[in-house]
Novice: 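The following block contains the structure, expressed as C-alpha cells.
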4 protein chains.
Amino acid sequence: MPKIGMEAVRKNALIHATIAEIGEAGTLEVTVSQIARRAGMSSALAHHYFGSKEKMFLETMRFVLRQYGKAVRSNLKTARTPQERIRAITDSSFDSSQFEREVIGAWLNFYVRALRSDETRRLLQVYARRLQSNLLFDLRKLMDSDSAEMAAQGLAALIDGFYIRAALQDDVPDRERIKSMVGDYLNFWLEKVSHG
Amino acid sequence: MPKIGMEAVRKNALIHATIAEIGEAGTLEVTVSQIARRAGMSSALAHHYFGSKEKMFLETMRFVLRQYGKAVRSNLKTARTPQERIRAITDSSFDSSQFEREVIGAWLNFYVRALRSDETRRLLQVYARRLQSNLLFDLRKLMDSDSAEMAAQGLAALIDGFYIRAALQDDVPDRERIKSMVGDYLNFWLEKVSHG
Amino acid sequence: MPKIGMEAVRKNALIHATIAEIGEAGTLEVTVSQIARRAGMSSALAHHYFGSKEKMFLETMRFVLRQYGKAVRSNLKTARTPQERIRAITDSSFDSSQFEREVIGAWLNFYVRALRSDETRRLLQVYARRLQSNLLFDLRKLMDSDSAEMAAQGLAALIDGFYIRAALQDDVPDRERIKSMVGDYLNFWLEKVSHG
Amino acid sequence: MPKIGMEAVRKNALIHATIAEIGEAGTLEVTVSQIARRAGMSSALAHHYFGSKEKMFLETMRFVLRQYGKAVRSNLKTARTPQERIRAITDSSFDSSQFEREVIGAWLNFYVRALRSDETRRLLQVYARRLQSNLLFDLRKLMDSDSAEMAAQGLAALIDGFYIRAALQDDVPDRERIKSMVGDYLNFWLEKVSHG
DNA sequence: AATGAATGAGTTTTCATTCAT
DNA sequence: GATGAATGAAAACTCATTCAT
C-alpha cells in the first residue's frame, strides 16, 4: 500500500471540514480558521495547500459536484428504459448522500457564491447543463423537443425548489415523498404528451 | 441642507439602496457604507435611522414582503373561481416587480440570512405559511385534503426553484413561460384528481 | 416676577441632568445625547449653551462644588468653637445632599476627569486647598502647626476614602457612622497633642 | 520574526503597556491601539491574544492585584505580633511597587470600571474582602469585635483616601509619612480600646 | 511539511459636533 | 431660541493572508 501523499490527505480533510462546518454552523460565513481547526490543522496550512479561501471553496464545490455525478452514474447503471434513466437522474439529488443537511448547506453556499464568483458560476453551469442535456436526451425519446425542453426545465426547478426549501424551512416532505412528487411531475408530462 | 420629515425619506432611500446594491453588486456581502453611499448619505446616518445593519436588512425584507403581499392582493381582486385565485397567487411571484434581478437578489439574501437570524427566519416563515394556507384554502375546494397539501408543496417548490434559477442561471424561461408552466403543474393536479 | 432667561433654565436643567445621568447610569461614560434627552432637549441645544461636552462637565463640577461650599458655610453658621467648626466642615461631605449616590458619582467623575483635564484638576485643587486652609485655620488653634498639617491631611484622606468606598463597595458604614468615625479621628489627634 | 512561546511574552508586554499607558497618558480612556503600539505590536495581535479589550483589562487587573498580594505576603513574613501583621498589611499599599503613579492610575481605572463591569467589581471585592478579613483577624486579637470592625473600615478608608489623593493631587505626604500616619491611626484605636 | 506569529485592510458602530432652517 | 439632520473621526473587533522558522 503506497503511502498517500500528505497533500491529498490534507486537502481531503479540509474539503470535508468545509462541508461539515457550513452544515453545522448553519451559516455560510465560515472562516478559514474554523475550517482548518475542524480539519485539525492551522489556517496557514490550509492556505499553503489551496492558495486562498476562494480556491478552497472551489475545490470543495468540485468535490460535491463530483459526488453528485457519481450518484447519478451509479443510479443510471441499472436503468434500462428512458423513463428509468430520467428517474435515476432526478432521484440522485435526493439520495441520502446528497440530501444531508450539510451537503444542502454546501450547495446553497455555492449558489450564493455563484452570484459574484465567475468561476463558481461557470462550474455550476457546466454541471447544470450536463444534467439538462442528460435529461433532454432521454426526454426527447418520450416526447417532442419543445415539451422535452420544458419538462427538463420544470424538473430542474422542482428539484432546486425542494432542495432550497429543505435547507430553509421546516415543514417539507421527506426524501421519499419528494422523489415520488418529482416522479409524478414526470408522469404528468408523459400523460400530457400522450393524451394531448 | 436638513429638512423636516427626512426620516421617512432617508429610510426609504436606504431600503431601495439595499435592494439595488445587492442586485447590482451581485453579492450579498454588501456593507452599510456601500448602501449608504448609494443612498447618498454617510453610513453614520444609516445607523442613526436604523440602529444597526441587521435592523436595516429586516426593514428591507419587510418592504419586499409587503410588496409581494400587495402584488398578491392586487392579482386576487379580479379572481373569481378557486382556480383563478390559485393562479393569481402563483403568478404574483413572477410579476415584473417581483421578478427583477435586484428583487430576486434581495430574496436570496433573506433566504441566506434566515439560516442564522431567528427574526429573519420567523418573518420569512410567516409569509411562507400565509401563502401556503391561502393556496390550501382554494386547492381544498378542488381536491381532497391530502392532494391539496401535496399540490401546495409542489407549487411552492416549483416557484422557489424557478426563482432561484432566475437569480443564478442564464438559460431560464421567461416570466410568461414560467407562469404557464406553473399553471400547467396546477392543471396536472386537477386532472389527476378528476381522472384518478 | 421677572421671567427667568431661558439660558439659565436650560443650563440648570442640563447640569442636573448630568448629575442624574451619571448617578443613575452608574457609569461615567455618559453621552451628551443621553444628558440632553433627560433634560428634555436636543443635544444640539446643549452644545449651543455650553459650547462643548467638556465645558458642560466643568459647569456641572462648579455647581457641585458650589453646593458643597454652601453646605459647609451653612454648617459653619452655628459653630462656635474651633472644634465645632472642624466638625462642621468634615460633616458637610456627608450631608445627605452631598452623600447621595448621584452626587458621589459626579464627584468620582471629576476625580477621573482631573487626571487629564488641566482645568478640572485646577478647579478641584482650588476647592481642596480652600478646604484644607479652612481646616488648618481651626486646627492650628488646637495644636502645633505640624500636627495640624498632618491632621488636615488625614481628615481629608479619610473623607475621600469613605467617599470612594461608598461609590464602589457595598459594606460601607452609613452616613452617621462615618461622621462619628471621622469625629473620632479628630479626637484622636486632639488627645494625642494634649497627652503627647 | 515569529518565535515560539511568544504568547506569554506578548501578554506580559501588553499588561505592562496597559499599566504604563494609563499612568503616563494620565487618562483612563486608553485605546487598544495605543496600548498595542506601546507594546510594540498591532492592535490585532492584542485582540488575538486577549480576545477583547475587557479581557485584557481584567488580566491587567489580576496582575496588579497579584502584585499587591505578593507585597502583602512578603511583608507579613517578618511580622510576629498582631500589631506587626496589621502594619505589614497596611504598609503594603504604599510599597514603592504599589505606590507608583502608574500603578495608582491602574487601580483608579479598576475602581471606575468596577462601576459597570460585574466581573471587575467581583474581582475587586474578592481582594477587598480578603484584605478586610486579614485585618479583622489580627485586630480582633487586640480589641473587641465592634471596634475591630470599625478600625478595619477606617484603615481601609484612610488607605484608599491617601491612594486616590496621591493620584489626583500634588501636595500629598510622601510614602513614609503616609505609612506613619496610617500607623498612628491604628495606634489611636489601640489606645482608645485600652483607655476607654 | 507545518505552524505560531503577525498584520493590514476592512467592518460595524458610536458620538461629539456642526449647520441649515 | 431650538432642533432635526448630518457627518468625520475614531473605536473595538475580525479575518484572510503572509512569513520566519
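Quick note on labels: first sequence line is chain A, next is B, and so on, each numbered from 1. As a basis for the values below, the full set of heavy atoms in this structure was taken, side chains included, without hydrogen atoms, waters or symmetry mates.
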Novice: By nearest nucleotide on DNA chain E, pick out whichever of Gly51(C) and Ser42(A) is the more 5' one.
Specialist: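 The 5'-side residue here is Ser42(A).
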Novice: Kindly say if His47(D) contacts the phosphate of dT14(F), meaning a side-chain N or O under 4.0 Å from OP1 or OP2.
Specialist: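 So the side-chain polar atoms of His47(D) never come under 4.0 Å of the phosphate oxygens OP1 or OP2 of dT14(F).
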Novice: Backbone N or O of Met56(A) within a donor-acceptor pair of the Thr60(A) side chain at under 3.5 Å?
Specialist: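 Answer holds: yes.
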Novice: Applying a 3.5 Å limit to both distances, which nucleotide forms a Watson-Crick or G-U wobble pair with dA20(E)?
Specialist: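 Base partner found: dT3(F).
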Novice: Round to the nearest Å and state the distance from Arg37(C) atom CZ to dA2(F) atom C1'.
Specialist: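 Value for this atom pair: 17 Å.
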Novice: Apply side chain to side chain contact (heavy atoms under 4.5 Å, CB included) to the pair Val30(D) and Thr18(D), showing each step before the final yes or no.
Specialist: CA-CA 8 Å; Val30(D) 291; Thr18(D) 302; 5.5 Å; no
Novice: Could you tell me how the ring of Trp107(D) sits relative to the ring of Tyr111(D): parallel (under 30°), tilted (30 to 60°) or perpendicular (over 60°)?
Specialist: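 Answer is tilted, since the angle falls between 30° and 60°.
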Novice: Lys53(B) has an atom NZ; how far is it from atom P of dT14(E), in whole Å?
Specialist: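 Between P of dT14(E) and NZ of Lys53(B): 14 Å.
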Novice: What is the nucleic acid contact for Tyr49(B), judged by heavy atoms within less than 4.0 Å: base, sugar-phosphate only, or nothing?
Specialist: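 The residue Tyr49(B) makes sugar-phosphate contact but no base contact.
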Novice: With a 4.0 Å limit, can you tell me whether Arg10(B) has a side-chain N or O closer than that to the phosphate oxygens OP1/OP2 of dA6(F)?
Specialist: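 The answer is yes; a side-chain N or O of Arg10(B) sits under 4.0 Å from OP1 or OP2.
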Novice: Starting at the 5' end of DNA chain F and moving along, which residue's nearest nucleotide shows up first, Gly40(B) or Ser52(D)?
Specialist: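 Closer to the 5' end of DNA chain F: Gly40(B).
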Novice: Return the value, rounded to whole Å, for the distance between atom CD of Glu7(C) and atom P of dG1(F).
Specialist: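 Rounded to the whole Å, the gap is 7 Å.
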Novice: Using atom types as modelled and distance alone, determine if a side-chain donor or acceptor of Ser117(D) lies under 3.5 Å from a backbone N or O of Arg113(D).
Specialist: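 Side chain of Ser117(D) to backbone of Arg113(D), a donor-acceptor pair under 3.5 Å: no, none is there.
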Novice: Check whether any side-chain nitrogen or oxygen of His48(C) sits under 4.0 Å from OP1 or OP2 of dG1(F), and answer yes or no.
Specialist: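 Checking dG1(F) against His48(C), a side-chain N or O does come within under 4.0 Å of OP1 or OP2.
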Novice: Toward the 5' end of DNA chain F, which comes first, Val32(D) or Ala44(B), by nearest nucleotide?
Specialist: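 Here Ala44(B) is the residue nearer the 5' end.
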Novice: Between atom CG in Leu45(B) and atom P in dC15(E), what is the gap in whole Å?
Specialist: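 Between P of dC15(E) and CG of Leu45(B): 16 Å.
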Novice: State, yes or no, whether a side-chain contact exists between Leu124(C) and Met61(C) at a heavy-atom distance under 4.5 Å.
Specialist: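 Yes, close enough: below the 4.5 Å cut-off.
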Novice: Grab the CE-P distance between Met6(A) and dT3(E) for me, whole Å please.
Specialist: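 Taking atom P of dT3(E) as the reference, CE of Met6(A) is at 9 Å.
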Novice: Report the base-pairing partner of dC15(F) (Watson-Crick or G-U wobble, both distances below 3.5 angstrom), or none.
Specialist: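 Its partner is dG8(E).
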Novice: Mind calculating the distance between NZ (Lys55(A)) and P (dA16(F)) to the nearest angstrom?
Specialist: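 Rounded to whole Å, this separation is 16 Å.
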Novice: Expressed as a whole number of angstroms, how long is the span from Phe50(D):CZ to dA12(F):P?
Specialist: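 Going from CZ in Phe50(D) over to P in dA12(F) covers 15 Å.
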Novice: In whole angstroms, how far is the P atom of dA11(F) from the CD atom of Glu54(D)?
Specialist: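 Whole-Å distance recorded here is 18 Å.
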